[in-house]
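These numbers come from a predicted model, not from an experiment.
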Amino acid sequence: KPRRKVSELPLVDRTLAAGVGDPTEYEGSSSPFYLYDVPWLDRADCVFKVNGDSMEPEYHNGDFVLIERIPDAPELKHGEVGAFAIGNELYIKEFQEDGLHSLNTKYPVMTFDDDTKVYLIGRVLSVVDQKDIATDEDVRLYQTVKE
């Protein structure tokens with residue numbers, strides 16, 4: 001039995017761009033991600049990996065973030081951080097009335113015309129702390145118990 005409770009969420013194989021978008025499809029392409037029981041876990045539907053520096057200092061390149069999917073989650077409020085699909089690119093940005101903002105001030109606000117489809121994937125709940133990613137040993141124990 002694992003030393004701490006292990007849970008499994010889908011890790012979406014595409015990264016959330018904190019800078020330049022990743023132009024490949026994201027739906028249906030995931031792999032298992034194992035983590036220990038952490039706050040927000042019961043609300044999380046999936047995990048994304050952050051790519052780039054536009055959301056620093058809160059979200060760093062390589063961070064894993066817990067996402068509460070929309071429409072399961074309530075509407076995103078101004079000032080909340082979300083995962084967005086714009087065209088074929090995925091982004092992690094702060095939602096504001098005037099557009100999507102990067103936390104890193106060297107990046108401009110992303111604004112859109114009425115013809116641009118901006119799809120809210122979900123609310124970013126938190127960054128996964130490295131210590132909360134299950135060890136290989138605990139994953140093996142979890143899989144043994146699960147079977």
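Residue Ile67 comes nearest to Gly122 through the heavy atom pair CG2-CA, 3.9 Å, listed as atom of the first residue, atom of the second, then distance. Annotation for Ser102 and Tyr107: closest pair OG-CB, 3.4 Å, computed over non-hydrogen atoms. Across all their heavy atoms, Gly79 and Glu94 have their closest contact at O-OE2, 3.5 Å. The shortest non-hydrogen separation linking Met55 to His101 is SD-O, 3.8 Å. Taking all atoms of both residues into account, the shortest heavy-atom contact from Glu56 to His60 is OE2-CD2, 3.6 Å. Scanning all heavy atoms of the two residues, the minimum distance from Asp53 to Asn104 falls at O-ND2, 3.1 Å.
Side-chain contact between Val47 and Val65: absent, with no pair of heavy atoms (C-beta onward) separated by less than 4.5 Å. Within the 4.5 Å cutoff, side-chain heavy atoms of His78 are placed close to those of Phe95. The closest side-chain heavy-atom distance from Asn61 to Asn51 is below 4.5 Å. Residues Met110 and Phe84 fail the side-chain proximity criterion, which asks for heavy atoms closer than 4.5 Å. A heavy-atom distance below 4.5 Å is not found between the side chains of Leu35 and Phe64. Using a 4.5 Å cut-off on side-chain heavy atoms (C-beta onward), Val145 and Val6 make no contact. Considering only heavy atoms from C-beta on, Asp129 stays 4.5 Å or farther from Val38 through its side chain.
Remark: Thr111 engages no residue in a side-chain hydrogen bond (donor to acceptor under 3.5 Å, both in side chains) (not counting sequence neighbours).
The backbone N or O of Val50 lies less than 3.5 Å from no partner atom in the side chain of Asp63, so there is not a single donor-acceptor pair. At distances below 3.5 Å, at least one donor-acceptor pair connects side-chain atoms of Asp113 with backbone N or O atoms of Thr116. Checking side-chain atoms of Tyr34 against main-chain N and O of Arg140 turns up no donor-acceptor pair under 3.5 Å.
Both Phe33 and Trp40 are assigned to one and the same hydrophobic cluster, defined by single-linkage of ILVMFWY side chains at heavy-atom distances under 4.5 Å.
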